[in-house]
Amino acid sequence: MTAVIADPEPEAPRKPLRTKVVESNNQLFRASPLNYLVLVVTFFLSVFPLYWMLVMASRTNDEIVQIPPVLTPGGNLGKNFTSLFDNPDVMFAQALLNSFIVAGSITVVVVIFSSLAGFAFAKLRFRGSGVLLGLVVLTMMVPIQLGTVPLYMMMDWLGIQGTLLTVILPYLASGFGVFLMRQYASQAVPDELIEAARVDGASTIRIFWSVVLPALRPAAAILGLFTFMTYWNDFLWPYVALSPENPTVQVALSRLSSGYYTDQSLVMAGTLMATLPLLVVVVLFGRQLISGIMDGAVKS
Amino acid sequence: MSDITAPVTPARARSPWRSRLSRWDQKGSPYAFVSPFFILFGIFGAFPLLYTFWVSLHAWPLLGEHTFTGLDNYQKLLQDPQFWNAAKNTLGLFVVSTVPQYVLALWLAVTLNRKIRARTLFRVGVVIPNITSVAAVTLIFGMIFAKGFGLANWIIGWFGLDAVDWTAHTWSSWLAISVMVDWRWTGYNALIFLAAMQAISAELYEASAIDGASRTRQFWSITMPLLRPTILFTTITSIIGGVQLFAEPLLFAPGAGAIQGGSLRQFQTLTMYLIENGFTRFEFGYAGAVAWMIFVLVLIISLINILLVRRISGAD
C-alpha cells in the first residue's frame with residue numbers, strides 16, 4: 001500500500017487511472033541483446049525462489065536437507081498439504097479462513113469509505129475541504145507500529161482482544177484510498193452528470209450510488225486489489241494482537257516455523273498455500289496490478 | 001402509471017419542505033461522506049499515536065500502578081546500549097538494502113523503458129516478488145540461507161568458499177536480510193521509476209541527441225533530474241518501511257528469543273526492540289518511548305534524504 005503520490009498538491013492535474021501510460025520515449029531506444037539478458041536474468045531471479053518453494057513443498061523433509069540440493073519437484077505435495085491441514089495444532093484451515101475474513105472485510109469497507117470521501121473531496125464544495133484533504137495526505141505518513149501499545153490497550157478496553165476485529169478496525173481508514181479515489185473521481189465523473197441528477201431531484205447519496213459509484217469502478221477495483229493484498233500479507237500487528245488459537249495465515253506461518261514443527265517441507269507447503277491466492281490474483285489481474293503501481297507514481 | 005405521475009414530480013420537488021431538505025442534503029452530505037474516514041482515523045490512528053506519548057511518560061507495567069515519571073524513560077533509553085544497537089542495525093540494514101536496490105531498480109527501469117518484446121511478461125515478472133508476503137519471503141530465503149543444506153552455501157561452494165552460518169555474524173545476517181528486502185522491493189521500485197521515465201517527453205531526448213549527447217549523458221542530464229521527485233518520495237516510503245523492518249529479521253532465526261535478533265542481537269531492529277519491550281517484557285512506558293524515538297528517527301532521515309536527493313540530482 002505504498003504506491004507513491006508524487007505530488008500531493010490538490011490542484012495538480014493528473015492522468016486518469018485508466019489511461020494507458022503513453023509509451024512515448026521508449027520508441028527511441030530499441031532493446032539490445034544485453035537488455036534482454038538483463039531482463040531474462042531478472043525474471044529468473046524473481047521467479048526462482050517461488051519455484052524452489054514449490055520444490056520444497058513437494059518433497060519430504062529428508063530430501064530437502066540433501067547436498068547437493070534437490071531442484072526438481074517431487075511427488076509429496078498432496079501428502080504435505082494433507083498433514084498441514086490435518087494437524088490440529090496448526091489450525092491452518094482456520095488461519096486461511098481468518099485471513100479471507102480480515103482482508104476481505106477491510107477491503108470492502110475501505111473501498112466504500114474511500115469512494116464516499118473521494119467523491120466528496122473531488123466533486124462537492126464544502127467549507128474546510130482543503131484543510132481536511134491535507135490532513136488525509138498527512139495520515140499516510142504515520143507508521144502503524146508507533147501505535148501498537150495503545151492499540152493493544154484499546155482492544156482490551158473494548159473487550160475484543162484477540163478477536164479478528166482487533167486486526168480489522170485499525171485499517172479501515174485509508175488515507176491512500178481516499179486520495180486515490182479523489183484523484184480518479186475528479187476526472188472520471190463529469191460535473192454535468194451530477195448537475196443533471198440534481199435537477200432531477202436526486203439526493204447526494206442517491207447521486208453517489210447511481211451516478212458516481214459506477215463511474216469509479218475501475219479505480220475501486222485497483223484499490224480493492226491492493227488493499228486485499230496488503231492485509232492478506234500483513235504481519236506485525238496481527239502477530240502482536242492475535243491469540244495463538246485465532247491466527248491469520250501469516251501468523252500461522254511464523255508459528256509453524258518457530259520451533260515446534262521443524263518439518264521444513266510442511267513449512268514450505270504452508271508458505272505455498274499462503275502465497276497461492278495472490279499468485280492467482282497476479283495471473284488474472286497482472287496488467288491492472290502493474291498499471292495500478294505505475295499510475296500511483298505518475299506525476300503529470 | 002408512470003405516465004400519469006410524471007408531470008407531477010417537478011411540482012413536488014419545488015415544495016418548501018422538499019427544497020429545505022435538499023439544502024440540508026447539499027450542505028451536510030459532504031461532511032457525512034468524509035466523516036467515516038476521520039472518525040476511524042481519529043480513534044485508531046491519531047489517538048494511539050498521541051496516547052503512546054502519554055504512556056511513555058510513565059512507568060507502565062502490564063499489571064500494577066502507572067506512575068508518572070516524566071522523561072525518565074527517554075533518559076534511560078538514550079543510555080541503553082541495546083537501543084543503540086537496534087538503531088545501528090536498523091540504519092545499517094536500511095542503507096545496505098536500499099542503495100543496491102535503487103541502483104538495480106533504476107537500471108531495470110531504463111531497460112524496461114526500451115522497446116522490448118513480451119513487455120507485459122517481464123513487467124509481471126518483476127512485480128511477482130512484491131505480492132509474496134514478508135513471512136513467506138523470509139521462510140523461503142531462510143531455506144536458501146540455511147547453514148547445512150541451503151542453496152546459498154552450495155553456490156559459494158562452487159567457488160571453493162566455506163559454508164557460512166548466515167545467522168551467526170553481523171555481516172552475513174545483514175547481507176541475507178538485505179537480499180530478502182531487495183528481492184521483494186526492487187521490481188516494485190523499478191516500475192515506479194519506469195512510470196516516471198515514461199512521463200518524460202521524447203522531445204527532450206531527441207533534442208539532446210541532435211546536440212550529440214550520449215546515452216549516458218542523457219541519463220544524467222535529463223532522466224535523473226526529472227526523476228528527482230519520484231526518487232525523493234520512494235525513498236521516504238522506503239524509510240517508513242525500513243524502520244518497520246520486523247518480519248524478516250524476526251523469522252530469519254525463529255525459535256525462542258527470536259525477538260532479540262540473533263544470539264548477540266546482531267540483527268535486532270528498532271521495531272523488534274519496541275515489540276520486545278512492549279509485548280515480551282510488558283513495559284508499555286518504555287516501549288512507548290521507543291516508538292516515539294522511531295518517529296523522530298523517521299523525520300530526521302527523511303529530512304537528510306530530501307537534502308541529499310536535491311544535491312545529488314543537481315537541484316537548481
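All of these numbers come straight from a predicted model, not from anything done at the bench. Lettering of chains follows the sequences in order, A, B, ..., and the numbering in each one begins at 1.
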Quick check on [X] against chain A: is it the side chain, the backbone, both or neither that has a heavy atom closer than 4.5 Å?
X: B/Arg184; result: side chain
X: B/Phe53; result: neither
X: B/Leu250; result: side chain
X: B/Leu139; result: both
X: B/Trp60; result: side chain
X: B/Gln218; result: side chain
X: B/Ala258; result: neither
X: B/Val110; result: neither

Shortest non-hydrogen contact between [X] and [Y], atoms and distance:
X: B/Ala291; Y: A/Leu146; result: O-CD2, 3.1 Å
X: B/Ala195; Y: A/Met294; result: CB-O, 3.4 Å
X: A/Pro150; Y: B/Thr52; result: CG-OG1, 3.1 Å
X: B/Trp183; Y: A/Leu45; result: NE1-O, 2.9 Å
X: B/Phe37; Y: A/Gly175; result: CE1-N, 3.3 Å
X: A/Leu151; Y: B/Pro48; result: CD2-CG, 3.9 Å

At a heavy-atom distance under 4.5 Å, which candidate from [options] has the highest pair count against chain B?
options: A/Phe44, A/Phe113, A/Phe119, A/Phe208; answer: A/Phe113
options: A/Thr275, A/Val47, A/Val251, A/Leu50; answer: A/Leu50
options: A/Pro69, A/Ala120, A/Ser114; answer: A/Pro69
options: A/Gly270, A/Gly118, A/Gly147; answer: A/Gly147
options: A/Leu132, A/Val281, A/Leu272; answer: A/Leu132
options: A/Asp234, A/Thr271, A/Thr204; answer: A/Thr204

Quick check on the interface: out of [options], who has the most heavy-atom pairs with chain A under 4.5 Å?
options: B/Val126, B/Val290, B/Ile144; value: B/Ile144
options: B/Leu62, B/Leu21, B/Leu121; value: B/Leu121
options: B/Leu151, B/Leu232, B/Thr186, B/Leu194; value: B/Leu151
options: B/Val55, B/Val134, B/Thr271, B/Val127; value: B/Thr271

Contact check, side chains of [X] and [Y], non-hydrogen atoms, under 4.5 Å:
X: A/Met53; Y: B/Thr132; result: no
X: B/Ile43; Y: A/Leu169; result: no
X: B/Asp25; Y: A/Arg198; result: yes
X: B/Tyr51; Y: A/Met154; result: no
X: A/Leu172; Y: B/Phe44; result: no

Go through the atoms of [X] and report whether side chain, backbone, both or neither lie under 4.5 Å from a heavy atom of chain B.
X: A/Leu71; result: side chain
X: A/Leu116; result: both
X: A/Phe43; result: side chain
X: A/Tyr171; result: neither
X: A/Val240; result: side chain
X: A/Arg125; result: backbone
X: A/Ile205; result: both
X: A/Phe285; result: neither
X: A/Val136; result: both
X: A/Gln66; result: backbone
X: A/Leu289; result: side chain
X: A/Ser203; result: both
X: A/Met155; result: side chain
X: A/Val149; result: both

Discussion item. Between A/Thr42 and B/Leu104, is the side-chain contact (heavy atoms from CB on, under 4.5 Å) condition met? List the steps.
Written reply: CA-CA 10 Å; A/Thr42 308; B/Leu104 286 175; over 6 Å; no
Straight-line distance of [X] [atom1] to [Y] [atom2], nearest 0.5 Å:
X: A/Met140; Y: B/Ile236; atom1: CE; atom2: CD1; value: 12.5 Å
X: B/Ile140; Y: A/Met56; atom1: CD1; atom2: CE; value: 10.5 Å
X: B/Phe141; Y: A/Trp52; atom1: CZ; atom2: CH2; value: 10.0 Å
X: A/Leu135; Y: B/Phe38; atom1: CG; atom2: CZ; value: 5.5 Å
X: B/Arg114; Y: A/Leu34; atom1: CZ; atom2: CG; value: 9.0 Å
X: B/Leu112; Y: A/Asn35; atom1: CG; atom2: CG; value: 9.5 Å

Worksheet item: Should the pair B/Phe246 and A/Phe235 be assigned to parallel (<30°), tilted (30 to 60°) or perpendicular (>60°) ring geometry?
Response: tilted
Fill in: Mutual orientation of the aromatic rings belonging to A/Tyr152 and B/Phe284 [parallel < 30°, tilted 30-60°, perpendicular > 60°]
perpendicular
Give a yes or no on whether the backbone of [Y] and the side-chain of [X] come within a donor-acceptor separation of less than 3.5 Å.
X: A/Ser46; Y: B/Ile128; result: no
X: A/Trp232; Y: B/Ser133; result: no
X: A/Tyr36; Y: B/Ile116; result: no

Worksheet item: Around atom CH2 of B/Trp292, are there more than 12 heavy atoms of other residues, nucleotides or ligands at under 6.0 Å?
Response: yes
